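Got a structure for you, questions after.
Quick caveat: nothing in here was measured; it's all calculated off a predicted structure.
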Amino acid sequence: MKLNILVTTDIHGNIFPTNYADRNNVENYGLARIATAITDFRKSHQHTLVLDNGDVIQGTPLLTYALQNKDAFKNPMAEAFNILNYDYVNLGNHDFNFGQDHLFDYINQTKAPLLTSNVLFRNKPLGNTQILEFEGKKIALIGLLTQYIPRWERPAFIKDMTFISAYQQLKIEIEKVRNEVDVVIAMYHGGMERDLFTGEPTEKLTGENEGYEMTQIEGLDILITGHQHRSFVETVNHVLVTQSTFKGQEYITIELDLNSLEAKATLHHTNTLGVDESFLAHFKTIQDNTQDWLDKKIGFLKDGDVMITDQWDARIHKHPLVSLLNQIQMERTGAQLSGVSLFNNTVGFNQEITMRDVVGTYQYPNTLVVKKISGKNLKEYLEMNASYFMIMDDKITYDPKFEWPKPQHYNYDMVDGIDYTIKVSNPINERVLDISIDGKPLVMDAYYTLVTNNYRAGGGGNFYMVSESETLEEINEEMVDTMMHYFKKHPVVTVNHKDNIKVIL
């Protein structure tokens, strides 16, 4: 008498086992591989649940194309979950990236009921806790996500929405059901803010991640987490806690004994699974159309490609791609200064630029925001970026916190329109030297205009000195579209690269 649960999380639109770098590559991940596991899973067990823990409708060119052509295609991820007969779903923070119409299209097209209870829309929860019964035992299934979304998301995209602390909402939900059920399972699109074994903080305790705190709530038996793209199965404060990484590289199974109520979980890798071709057949037309769209040529670089072959070198020695992205942002907004980061595993542009280059390089639906920033806050912004570096064995490297527990190299910005030196051997907050704008020293009580993406402008990455600065303009256009318009306006582009950032020992 067992209940067997299969959980996916952070699929990020990866239906196909492809990274879209070219038309024909096949990778060892994707929902099409997990589809094979789901079929076998249901055949092998009597009582089953198949669940998803959010970050579903953002992350691949296929989803971008589908959104641009939504009158012709259903939401691909909703269709995928319906084909695979998912039982319940939860939301993740990236599911809010494209606005409420797209979010509600996904929710309404997905047959699986929504669990997310700590987000209110016009004072009503988006989803609800479910009580299920198997062999006379009652199971509470609770869904929650990180409360931090208002820090990242455009205000228009979360209009009339209230985000409640996942920890506080879980306490409320458990209190409602604790006398009715035998087992409480929480599915939380958020992560662990403390070391699983020592309880020591592993990050600034902002409320973005509340998983460890949740394990201290009386009555919780199983906590399924996500968001951080980590891989673990552990018992924390007597609660079974799981997390699997992103893009369909892994999934979790949980076996709950309905007699003893003991549970155990297993982390599975998908690289040994075959692709379910019958599942993918449902998406052949949109996949072919997406690949044709990606091959569309939209621009040309006069002096050759700006491809990145070494991610670390591209950051410690500002890459020409960074200069080009800042160049595009500054022309679009007229700002004096522009800051951009290189996303994890950014590829760059070939000399003949295609849509594949653009969407592969700029992976998020960010928009641009112009800030009026004081010299003081600008110095703090640069110092925050300088904390990316550290010294190990007399060499400059990056601080491990930008790699673990989740890669966050996108939280290091490089700024154009300004010259500065980062001396890594200096103490934190005293590293940025020789700051000048147009050949003149930075003035602390003067004001400058800075363009950055909406994530950073909202304080993402704990850049509060940016979020607290006055907003002058918000560009309601995704950066991919801004880049497309730039290349249309400038069919042949000269990259105005400047070696304006010195990183020294």
Would you kindly say whether Asp10 and His229 are connected by a side-chain donor-acceptor distance under 3.5 Å? yes
Please test Gln327 against Tyr486 for side chain to side chain donor-acceptor pair (under 3.5 Å), starting from the C-alpha separation and ending with a verdict. CA-CA 10 Å; Gln327 183 175 319; Tyr486 181 87; 2.9 Å; yes
Which word best sums up how the rings of His102 and Phe98 line up, parallel for under 30°, tilted for 30 to 60°, or perpendicular for over 60°?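 Geometry flag for Phe98 against His102: perpendicular rings.
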Residue Asp438 excluded, over 12 heavy atoms near CG under 6.0 Å: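 Count not over threshold, so no.
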How are the rings of Phe343 and Tyr364 set to each other: parallel, tilted or perpendicular (split at 30° and 60°)?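 Taking Tyr364 first and then Phe343, their aromatic rings stand perpendicular (interplane angle over 60°).
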Do Glu153 and Asn97 meet the criterion of a side-chain donor-acceptor pair at a distance under 3.5 Å?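 Yes, a side-chain donor-acceptor pair sits under 3.5 Å.
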Quiz question: by atom type and distance under 3.5 Å, do the side chains of Asn75 and Asp105 form a donor-acceptor pair? no
Residue of the set Thr471, Thr333, Leu450 for which side-chain contact (heavy atoms from CB on, under 4.5 Å) holds with Val370: Thr333
Taking atom types as modelled, is there a side-chain donor on Asn53 or Asn90 under 3.5 Å from an acceptor on the other? yes
Let me see the working for Arg194 and Asn209 under side chain to side chain donor-acceptor pair (under 3.5 Å), right down to the final yes or no. CA-CA 9 Å; Arg194 297 177 180 271; Asn209 299 301; over 6 Å; no
Pair Glu478, Tyr362: side-chain N/O donor-acceptor within cut-off below 3.5 Å: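 Side chains of Glu478 and Tyr362: no pair found under 3.5 Å.
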For Val236, which of Leu196, Leu223, Asp195 qualifies under side-chain contact (heavy atoms from CB on, under 4.5 Å)? Leu196
Pair Gln216-Asn237, side-chain donor/acceptor within less than 3.5 Å: no
Any Lys/Arg nitrogen of Arg332 or Glu477 sitting under 4.0 Å from an Asp/Glu carboxylate oxygen of the other? yes
Electrostatic pair Glu27:Lys247 at N-O distance under 4.0 angstrom: no
Can you see whether Ser323 engages Lys498 through a side-chain donor-acceptor pair at a distance of less than 3.5 angstrom? no
With no hydrogens and no angle check, just 3.5 Å: does a side-chain donor-acceptor pair link Tyr388 and His409? yes
Determine, for Lys171 against Glu175, whether the closest basic-nitrogen to carboxylate-oxygen distance falls under 4.0 angstrom. no
If only side-chain N and O atoms count, and only distance matters, is there a donor-acceptor pair under 3.5 Å linking Asn93 with His189? yes
From Glu352 atom CD to Lys297 atom NZ, the distance as rounded to the nearest 0.5 Å: 5.0 Å
Which of these passes side-chain contact (heavy atoms from CB on, under 4.5 Å) with Thr60: Ile15, Asn14, Val359? Asn14
